[in-house]
Structure formats: structure tokens, C-alpha cells
Amino acid sequence: MQKGYAAVTMNEVCTAAKVSKGSLYHHFPSKDELFLYVVEDDTEQWLSEWEEIRSRLSGVEERLYALGEHYANDFQNPLIRGLEEYARSRTHSDEIYERLSQLYESGASACRNLLKEGMDSGYLIQKDLDHYVVIVSGMLEGIGRVSEITAPSEGPAEIKKYYRDAISLLLQGIRAK
């Protein structure tokens with residue numbers, strides 16, 4: 001995925017995976033199917049890792065900072081850029097759009113569950129949860145994209161600081177008084 005979705009050929013995938021084209025097409029009838037399978041698997045792994053982290057922590061604030069760090073640890077994942085390219089590259093079937101939507105919802109579920117927990121506990125102000133999910137997910141996704149462009153030479157520690165500062169600013173606005 002270092003080259004992007006469009007630039008990668010199935011022949012290159014076969015060579016890198018050391019499998020025959022027939023074997024690959026037996027399991028994945030198209031490049032789309034292979035790509036979505038890999039991204040869906042990566043998303044499940046990311047969510048599983050997040051659940052493991054979340055379960056070790058208590059308190060909404062601690063979990064929000066941990067979620068920011070979890071995003072920071074994944075911000076250079078080439079599948080994210082590949083997925084963005086793929087989603088915007090062309091018109092897709094309704095089935096593909098549904099899978100893309102499910103990928104977004106899967107990723108946003110970490111934000112949704114944490115914000116709901118904060119609202120239910122009274123730690124966060126009661127507002128439109130769906131609205132906040134878009135804002136917080138967009139913020140967390142956007143920090144990685146913007147920092148790649150504006151601060152490409154910064155290392156993981158600096159990127160994590162952006163996420164911590166963003167969570168701090170967020171909490172100033174949505175923490176219950």
C-alpha cells in the first residue's frame with residue numbers, strides 16, 4: 001500500500017504475498033474484495049487493541065487521552081491513505097458503499113461508546129451524540145492527515161502531543177462543569 005490503491009497491481013500483490021494469481025483470485029474475486037478484506041481486518045484489529053487498552057483504564061478523561069494516543073499510534077498506517085484514495089477514486093456499487101460506511105462506523109464506534117459513557121456518567125455535557133461523534137472522529141482522523149502534510153518530519157512523540165492537546169481542548173468545551 002506504499003504506492004496507493006490505484007498504483008498497486010494484482011501481480012505485485014501476488015509477488016509480495018508469494019501466491020499464484022489463481023490462488024489469490026480463488027479467495028478474492030477482485031482487487032476491491034482483497035483491499036476491503038485487508039482494511040476490514042485491520043479495522044477489527046485496531047478496535048480489538050482499543051478495547052484491550054480501554055478495559056485497563058477507568059474514567060472517561062483517561063480513556064479519551066488513551067483513544068487519542070491510539071489514533072496517534074496508527075496515524076501513518078498506509079491503509080488509511082489507501083482507503084481514502086479508494087473511497088474517492090471512482091463510483092462504487094451500493095454494496096461497496098455499504099462496506100465503506102460500515103468501516104467508518106466501526107472506527108467511529110470507539111468515539112461513540114466513549115462519548116456516550118461520558119454523557120451517561122455526567123462527566124460530559126448532554127448533547128447530540130451523533131453530532132459529537134462526527135466532530136470527535138473528524139478531529140482525531142484529521143490530526144493525522146494534517147500533521148503528515150504540515151509536519152512530516154515530526155516523530156511519534158510530537159504527533160502524540162498534538163493528539164493530547166486536541167483532547168485537552170475538546171474537554172474544555174464538552175466537560176460538564
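Every value quoted in this text rests on a predicted model; they were computed, and no experiment measured them.
- Closest heavy-atom contact between A166 and I143: CB-CD1, 3.3 Å.
- Grouping the Ile, Leu, Val, Met, Phe, Trp and Tyr side chains by contacts below 4.5 angstrom, directly or via other members, places L57 with M119.
- For residues 130-143, every residue pair satisfying the side-chain hydrogen bond (donor to acceptor under 3.5 Å, both in side chains) rule, not counting sequence neighbours, is listed here: R112-D130.
- Applying the 6.0 Å contact sphere to CD of E52 captures no more than 12 heavy atoms from other residues, nucleotides or ligands.
- Here the side chains of Y162 and I159 are in contact, with some heavy-atom distance below 4.5 Å.
- Heavy atoms only, all atoms of each residue included: G118 and V60 are closest at CA-CG2, 3.5 Å.
- Distance check: I174 CD1 to L64 CG gives 6.5 Å after rounding to the nearest 0.5 Å.
- Atom CG of L124 is separated from atom CZ of R175 by 8.5 Å, given to the nearest 0.5 angstrom.
- Atom OG of S109 is separated from atom CG of L47 by 5.0 Å, given to the nearest 0.5 angstrom.
- Looking only at distances, a side-chain donor or acceptor of S89 sits under 3.5 Å from a matching main-chain atom of Y86.
- A donor-acceptor pair under 3.5 Å is formed between the side chain of E12 and the backbone N or O of T9.
- Cluster annotation: Y104 and V38 are assigned to distinct hydrophobic clusters (Ile/Leu/Val/Met/Phe/Trp/Tyr, side-chain heavy-atom contacts under 4.5 Å, transitive).
- Ring orientation note: the planes of H92 and Y97 are nearly perpendicular, at an angle over 60° on the 30°/60° scale.
- For the pair L114/V136, no side-chain contact is recorded, criterion being any heavy-atom separation below 4.5 Å from C-beta on.
- Each of W50 and L103 belongs to its own hydrophobic cluster when Ile, Leu, Val, Met, Phe, Trp and Tyr are linked at side-chain heavy-atom distances under 4.5 angstrom.
- Sorted by first and then second residue, the pairs that involve residues 36-46 and meet salt bridge (Lys or Arg N to Asp or Glu O under 4.0 Å), not counting sequence neighbours, are E40-R99.
- Once rounded to the nearest 0.5 Å, the distance linking CD1 of I96 with OG of S101 reads 12.5 Å.
- Using a 4.5 Å heavy-atom threshold, the side chains of R54 and N113 count as separate.
- Side-chain contact check for V13 versus F35: every heavy-atom pair is 4.5 Å or farther apart.
- Counting only heavy atoms from C-beta outward, the side chains of N73 and K160 approach each other to under 4.5 Å.
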Notebook entry, point to check: Passes side chain to side chain contact (heavy atoms under 4.5 Å, CB included), E158 versus K161? Steps please.
Noted result: CA-CA 5 Å; E158 291 87 4; K161 184 171 179 347; 5.5 Å; no

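- H70 contributes a side-chain N or O that, together with a main-chain N or O of W46, makes up a donor-acceptor pair within less than 3.5 Å.
- The two residues Y163 and G144 come nearest to each other via the heavy atoms OH-N, 3.2 Å.
- Every residue two or more places apart in sequence or in another chain that forms a ring pair (Phe, Tyr, Trp, His ring centres under 6.0 Å) with F28 is listed here: Y37.
- Screening residues 115-126 for salt bridge (Lys or Arg N to Asp or Glu O under 4.0 Å) gives R63-E117, K116-D120 as the qualifying pairs, with residues at least two apart or on separate chains.
- Between I53 and A66, the shortest heavy-atom distance links the atoms CG2-CB, 4.0 Å.
- M139 and V146 fall into different hydrophobic clusters, defined by Ile, Leu, Val, Met, Phe, Trp and Tyr side-chain heavy atoms under 4.5 Å apart, directly or through other members.
- When the shell of 6.0 Å around CG of D94 is examined, it contains 12 or fewer heavy atoms from other residues, nucleotides or ligands.
- Applying the salt bridge (Lys or Arg N to Asp or Glu O under 4.0 Å) test to residues at least two apart or on different chains, the pairs with a partner in residues 18-32 are D32-R90.
- A heavy-atom distance below 4.5 Å is not found between the side chains of S20 and Y25.
- Under the 4.5 Å side-chain heavy-atom criterion for grouping Ile, Leu, Val, Met, Phe, Trp and Tyr, Y65 is connected to F75 within one hydrophobic cluster.
- In this structure, Y71 and I167 have side chains that are not in contact, with every pair of non-hydrogen atoms separated by 4.5 Å or more.
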Margin query: Using side chain to side chain contact (heavy atoms under 4.5 Å, CB included), reason through L100 and L83 one step at a time and then give a plain yes or no.
Written below: CA-CA 9 Å; L100 292 171; L83 182 59; 3.5 Å; yes

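- Residues C111 and L140 share a closest heavy-atom pair of SG-CD1, 3.8 Å.
- Here the closest non-hydrogen pair linking T43 and G107 is CG2-N, 4.5 Å.
- E98 meets the side chain to side chain donor-acceptor pair (under 3.5 Å) test with Q102; sequence neighbours excluded.
- Taking 4.0 Å as the cut-off between side-chain N and carboxylate O, R145 and E148 count as a salt-bridged pair.
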